[in-house]
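Okay, structure first, notes after.
Order of the sequence lines sets the chain letters (A, B, ...), proteins ahead of strands, with each chain counted from 1.
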2 protein chains.
Amino acid sequence: MAHITTSVEYGIHCLLWLSGSGEVSLSSRDLAELQGISPSFLAKIFPKLEKAGIVAASEGVRGGYRLAKPASEITFLDVVDAIEGEKPLFECQNIRTRCAVFDGDAPDWVCEGICGVHGVMLLAEKAMRDVLAKKSLADVGTAFMRKAPQSFGTDVGTWIDDRVKGRKPGRTPKNSGPPG
Amino acid sequence: MAHITTSVEYGIHCLLWLSGSGEVSLSSRDLAELQGISPSFLAKIFPKLEKAGIVAASEGVRGGYRLAKPASEITFLDVVDAIEGEKPLFECQNIRTRCAVFDGDAPDWVCEGICGVHGVMLLAEKAMRDVLAKKSLADVGTAFMRKAPQSFGTDVGTWIDDRVKGRKPGRTPKNSGPPG
DNA sequence: AAAAACGAGGATAAAACTAGTCCGCGTTAT
DNA sequence: ATAACGCGGACTAGTTTTATCCTCGTTTTT
Ligand code: FES
Ligand code: FES
C-alpha cells in the first residue's frame, strides 16, 4: 500500500452508496453521475472490487453492482488492498549490501534478517493496516446517514428514478430528442 | 507523507553512518560512495536534512555533515517529514459535495466536519506516524552495530583514509595518472 | 430479432511524481 | 590558486495516477 489514492476515495464512497441501496443493483454509470465523478474511470475500479469479492456484478440491461457481503464485513483494508493491490508502504532497496568496503561481495552477517530500518517501516505499515482493518463500511455509513435529513433519501430516490427514464431533474436534458 | 521513498532509505542509512562517526564530518560524496549509491542524488537529500535541523553542514574542503543532535533524539518521523515534506497519506477530494442531487450547490450539513472516510484515513496515518515518532536512529543503529564484527569498523576506517588519499583499496584506480 | 443498457478489458494520453544527472555558484583548507 | 566541499536550479527518463475511448460479450426490453 503505497499512497492511498483518489481511486480508493471513489471506491469507498461508491460502496457506501451501495450499502444504502439494499439489494438493488446500481450501475457504475449511475454511481459516477450521482457523485459527479468520471464514469469511465469508475468503470476501471469496479472490476477490482468484484475480483476481491467485495461486490457482485450482474450483466446486461438493468444490471450493475451490489455488495457481495454485509457492509459490516467489508473493511477499509479490504477495499484499499483490492484497489491498490497490496503495494508496500516502503520498498527496501537493500542498500546495506552495497557498502564499498565489501567491494561487491557482502558477507553473511549483513544479509541476515531484514534491515533494522526496514523493520521500523514494516511496523509503521502494520499499525496503519491495523487501523484500516478495524473500520468497516458500516462504521462510517451510519455516521453519514445520521447527518443527512430525511428529505435526502427521497431526493436520491427520485433522482435515480428520473435518471432511469433518461431525464435529470432541474436541468435541460441534452438528448431529449432528435432535432427537428 | 505519501509513500516512503527510496530517498528516505538513503537518508536514514546515511544518518546511521554519521551517528557512528562521532564528531567527524563526512561529505555527501563520501557517504554515497561508501554505500554504493548516487552521489548527485544524495546531494539533493542532505540540504533538506539540514533545514530540518537534523544535520549540520560545514562548507569548504574537508567539510561535510555531522548530526546536529544526538541520534537518540532524531526520530524516523523527523527524517521522513524532512525529506518528503509532510505530504498526507490520503488527499480527500471532497467528492461528497459533488452529489448530483445537490446540483452543484451542496447544503451545509454535507460540508460540516470532515468526511467519515477521510477520518478513518487520518486515524490510519496517525497510527503510522506514531510508530515512526517512537523510533530513533539510536534504536536501530545499536542493533546494526551488534551484528557487525570488530573488523568491520577498522575496515571502514581504512577505506575512508584511503579515499582521502584518492585511492580505493582492492581495485585499479581509473584516474591514477595520465597515460604515457 | 433488434436495440439498448450493462460489465470487462485493452489502448492511449496527459499530468504528476520519482530517481537521477549536470552545471554553476560561493566557501574554505591547503 | 586550486581542489574539495555544500547549495541550488535546470534538466531528463521512467513510472504511476487519472482519465478517455472503443470494442466485445451479456442480458433485458421492445
Ligand atoms: S537496506 Fe533497505 S532499509 Fe536498510
Ligand atoms: S469526501 Fe473525501 S473521503 Fe469522503
- [ ] Give the C-alpha distance, both sets of side-chain angles, the deciding distance and a yes or no for salt bridge (charged side-chain N to carboxylate O under 4.0 Å, His left out) between Lys134(A) and Asp139(A).
- [x] CA-CA 9 Å; Lys134(A) 273 177 193 136; Asp139(A) 293 335; over 6 Å; no
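- Taking atom CG of residue Leu42(A) and atom P of nucleotide dT18(D), one finds them 13 Å apart after rounding to whole Å.
- Distance, Glu33(A) CD to dA5(C) P: 12 Å, rounded to whole Å.
- If you check the side chains of Thr158(A) and Asp161(A), you find no donor sitting under 3.5 Å from an acceptor.
- Remark on DNA chain C: of its neighbouring residues Gly63(A) and Lys44(A), the 5'-side contact belongs to Gly63(A), judged by nearest-heavy-atom nucleotide.
- For residues 55-77 of chain A, the pairs satisfying side chain to side chain donor-acceptor pair (under 3.5 Å) are Thr75(A)-Asp78(A), with sequence neighbours left out.
- Atoms OH (Tyr10(B)) and P (dA19(C)) sit 8 Å apart, rounded to a whole Å.
- Side-chain nitrogen and oxygen atoms of Ser38(A) include none within less than 4.0 Å of the OP1 or OP2 phosphate oxygen of dT18(D).
- Separating the NE2 atom of His3(B) from the P atom of dT17(D) is a distance of 9 Å, rounded to the nearest angstrom.
- Distance CZ (Arg29(A)) to C1' (dA5(C)): 7 Å, rounded to an integer number of Å.
- Here the closest non-hydrogen pair linking Leu132(B) and Ala124(A) is CD2-CB, 3.8 Å.
- With rounding to whole Å, Ile83(B) atom CD1 is found 14 Å from dT18(C) atom C1'.
- A close approach under 4.0 Å does occur between a side-chain nitrogen or oxygen of Ser28(B) and OP1 or OP2 of dG6(D).
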Donor-acceptor contacts under 3.5 Å from residues 109-123 of chain B side chains, at least two apart:
none

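- Listed by residue number, the members of residues 45-60 of chain A with any heavy atom below 4.0 angstrom from DNA chain D are Glu59(A), Gly60(A).
- Mapping Pro39(A) and Arg62(A) onto DNA chain D by nearest heavy atom places Pro39(A) at the nucleotide closer to the 5' end.
- Considering only side-chain N and O atoms, Thr6(A) lies nowhere under 4.0 angstrom from the phosphate OP1 or OP2 of dT17(D).
- Among the heavy atoms of the strands lying under 4.0 Å from Ser40(A) is at least one base atom, whether or not backbone atoms are also near.
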TODO: Test Phe41(B) against Ser28(B) for side-chain contact (heavy atoms from CB on, under 4.5 Å), laying out the working first.
DONE: CA-CA 10 Å; Phe41(B) 187 50; Ser28(B) 66; over 6 Å; no
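- In this structure, the OH atom of Tyr65(B) is 14 Å from the P atom of dT28(C), given to the nearest Å.
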- [ ] Could you give me the CA-CA distance, side-chain angles and deciding distance for Ile74(B) and Ser136(B), then say whether side-chain contact (heavy atoms from CB on, under 4.5 Å) is met?
- [x] CA-CA 5 Å; Ile74(B) 301 174; Ser136(B) 74; 5.9 Å; no
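- Straight-line distance from the CZ atom of Phe41(B) to the C1' atom of dC17(C): 12 Å, rounded to whole Å.
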